[in-house]
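Here is the structure we will look at, set down as structure tokens.
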Amino acid sequence: MSTDGTVVASIPADAAIDAAGNGNTASTSTDDTVTFVFDDVPPDTSIDSKPPNPSSSTDASFGFSGTDNITPPDALTFECQLDGGGFSACSTPKSYSGLIVGSHTFEVRATDAVGNVDPTPASYTWVISATTSLLYNGDQIVNVGNSFSAAAKLSSSASSCVSSRTISFSLDADPTGGSTVPYPLGTATTNASGQATRSVSTSGWQEGIYEITASFAGTTGCDPSSDDATLTVANPGNSATGGGWYTLPGSGRVNVGFNVRKVDTKCRTSCAYKGQLLLINNGKWRLKGTLDTYAKLSTGEG
């Protein structure tokens, strides 16, 4: 049969005779007719439940169902595939675990009782993303004309978000002209441990205190992050060697730059100041230093 229709098998009387000579009766319209339905219509498949997009979970579960013109829904069978890995038999719900961060595509197709397969499988694409954190751990004090290391460490629960990622460095102002527009310092690529370092020359820069920013723009599956720090740029001989340090796991000691200013209303010219300086941070750390030079400015500050 190649189409819908009715099959009628007509059997005449006495076509078959038993051992006693009894022949069969002729067939009638109630026992020789079969209605045939030719099923060439494929089923349709739908995804009923799925993970959110984006998702922070490396696990995913899908619920699905199908409809057909003849085969009941409960009699349909299904095949699933993930990321083009090939279709294989599955049932709802279909779950996956331990997926990597990034984009994934799930597909499912139904097959009816006579073998018709859904030619347009139901499909869903989602992104598994991981948070990242960025810490500036480069130099924060430099004399004009010298080079310094702009550095940052990228961290994430997903190892694929750590290595071979691009970190951008910039200042909040132009150190060569003084305009308050972001000043790019260039980029560096993270190594296997997430560390990125770039050497920056300060030739032609003006002294001052700048905000240096390290930023990771993010990629598919890896969230963006950034961190700010203070960069002190001073002429050689000025008091730009003060600072402290703090320790982070895996990053070692990191300099913390600061400036000291003093306003002296009595002094007019050739001012000088000497004394001790003590910084205390709630008992967690303390820094003791000596001030031995003082330069008077027209603003009254030094």
Side-chain angles (χ1 to χ4, degrees), residues 1-5 34-134 153-167 189-194 215-226 250:
M1 298 292 290
S2 61
T3 185
D4 297 352
V34 176
T35 300
F36 179 82
V37 178
F38 182 77
D39 184 6
D40 61 352
V41 178
D44 185 60
T45 317
S46 60
I47 297 175
D48 305 319
S49 61
K50 53 190 180 292
N53 184 32
S55 172
S56 60
S57 175
T58 56
D59 298 337
S61 181
F62 297 87
F64 44 85
S65 60
T67 57
D68 187 66
N69 62 327
I70 295 177
T71 304
D74 292 343
L76 295 173
T77 58
F78 297 90
E79 292 179 311
C80 301
Q81 76 168 352
L82 181 67
D83 297 335
F87 282 99
S88 61
C90 62
S91 59
T92 185
K94 176 63 176 177
S95 298
Y96 300 92
S97 61
L99 300 176
I100 63 174
V101 298
S103 178
H104 297 279
T105 299
F106 171 78
E107 294 176 279
V108 57
R109 64 188 183 189
T111 301
D112 64 17
V114 297
N116 293 315
V117 180
D118 185 355
T120 57
S123 178
Y124 179 70
T125 298
W126 81 109
V127 174
I128 298 176
S129 62
T131 59
T132 67
S133 61
L134 194 63
K153 185 175 178 64
L154 184 65
S155 302
S156 175
S157 59
S159 58
S160 58
C161 291
V162 172
S163 63
S164 301
R165 301 300 174 180
T166 300
I167 308 299
T189 302
T190 59
N191 60 19
S193 63
S215 60
F216 171 56
T219 60
T220 301
C222 304
D223 293 343
S225 57
S226 64

| From CA spacing to verdict: side chain to side chain contact (heavy atoms under 4.5 Å, CB included), Ile167, Thr190 | CA-CA 7 Å; Ile167 308 299; Thr190 59; 3.6 Å; yes
| query | Does the side chain to side chain contact (heavy atoms under 4.5 Å, CB included) test come out yes or no for Tyr124 and Phe64, once each step is laid out? | reply | CA-CA 11 Å; Tyr124 179 70; Phe64 44 85; over 6 Å; no
| message | side chain to side chain contact (heavy atoms under 4.5 Å, CB included), that's the test. Do Ser160 and Ile100 meet it? Break it down for me. | response | CA-CA 8 Å; Ser160 58; Ile100 63 174; 5.7 Å; no
| side chain to side chain contact (heavy atoms under 4.5 Å, CB included) assessment of Ser56 paired with Thr131 | CA-CA 8 Å; Ser56 60; Thr131 59; over 6 Å; no
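A distance of 10.5 Å separates OG1 in Thr120 from CD in Glu107, rounded to the nearest 0.5 Å. Between atom OG1 of residue Thr105 and atom CG of residue Leu82 there is a gap of 8.0 Å, rounded to the nearest 0.5 Å. Taking SG of Cys161 as the reference point, atom CG of Asp223 lies at 7.5 Å (rounded to 0.5 Å). Taking CZ from Phe62 and NZ from Lys50, the interatomic distance works out to 9.0 Å, rounded to the nearest 0.5 Å. Rounding to the nearest 0.5 Å places CG of Leu99 at 7.0 Å from CG of Asp59. For the atom pair Tyr96 OH and Ile128 CD1, the distance stands at 12.0 Å (nearest 0.5 Å).
For the pair Cys80 and Val108, the tightest heavy-atom approach, listed with the atom from each and the gap, is SG-CG2, 3.7 Å. Heavy atoms only, all atoms of each residue included: Ala130 and Ser156 are closest at CB-OG, 3.8 Å. Scanning both residues, Gly66 and Pro73, for their nearest heavy atoms gives O-CB, 3.7 Å. When all heavy atoms of Ala217 and Pro224 are compared, the closest pair comes out as O-CB, 3.4 Å. Asp68 and Leu76 get closest at one heavy-atom pair: CB-CD2, 4.1 Å. The two residues Pro52 and Ser55 have their closest heavy-atom pair at O-CB, 3.3 Å.
Phe216 does not carry Arg165 over the face of its six-membered ring by the limits of under 6.0 Å from the centre and within 45° of the normal.
Classification of the Phe38-Phe36 ring pair by plane angle, with boundaries at 30° and 60°, yields tilted. The aromatic rings of Trp126 and His104 sit tilted, their planes meeting at an angle between 30° and 60°.
Using a 4.5 Å heavy-atom threshold, the side chains of Asn69 and Asp39 count as touching. Counting heavy atoms from C-beta outward, Phe78 and Thr92 have side chains that stay 4.5 Å or more apart. Ser225 is listed as a side-chain neighbour of Leu154, based on a closest heavy-atom distance under 4.5 Å. Within the 4.5 Å cutoff, side-chain heavy atoms of Lys94 are placed close to those of Phe106. Taking 4.5 Å as the limit, some side-chain heavy atom of Ser193 sits within range of a side-chain heavy atom of Lys153.
Side chain of Ser49 to backbone of Gly63: a donor-acceptor contact under 3.5 angstrom is found. Without hydrogens or angle criteria, Asp83 side chain to Gly85 main chain gives no donor-acceptor distance under 3.5 Å. Remark: side-chain polar atoms of Asn53 are paired, donor with acceptor, to backbone N or O of Val127 under 3.5 angstrom. In terms of modelled atom types and a separation under 3.5 Å, the side chain of Asp118 and the main chain of Thr45 share a donor-acceptor contact.
By the neighbour-count criterion of 12 heavy atoms within 6.0 Å, atom CD1 of Ile70 is densely surrounded, having more than that number from other residues, nucleotides or ligands.
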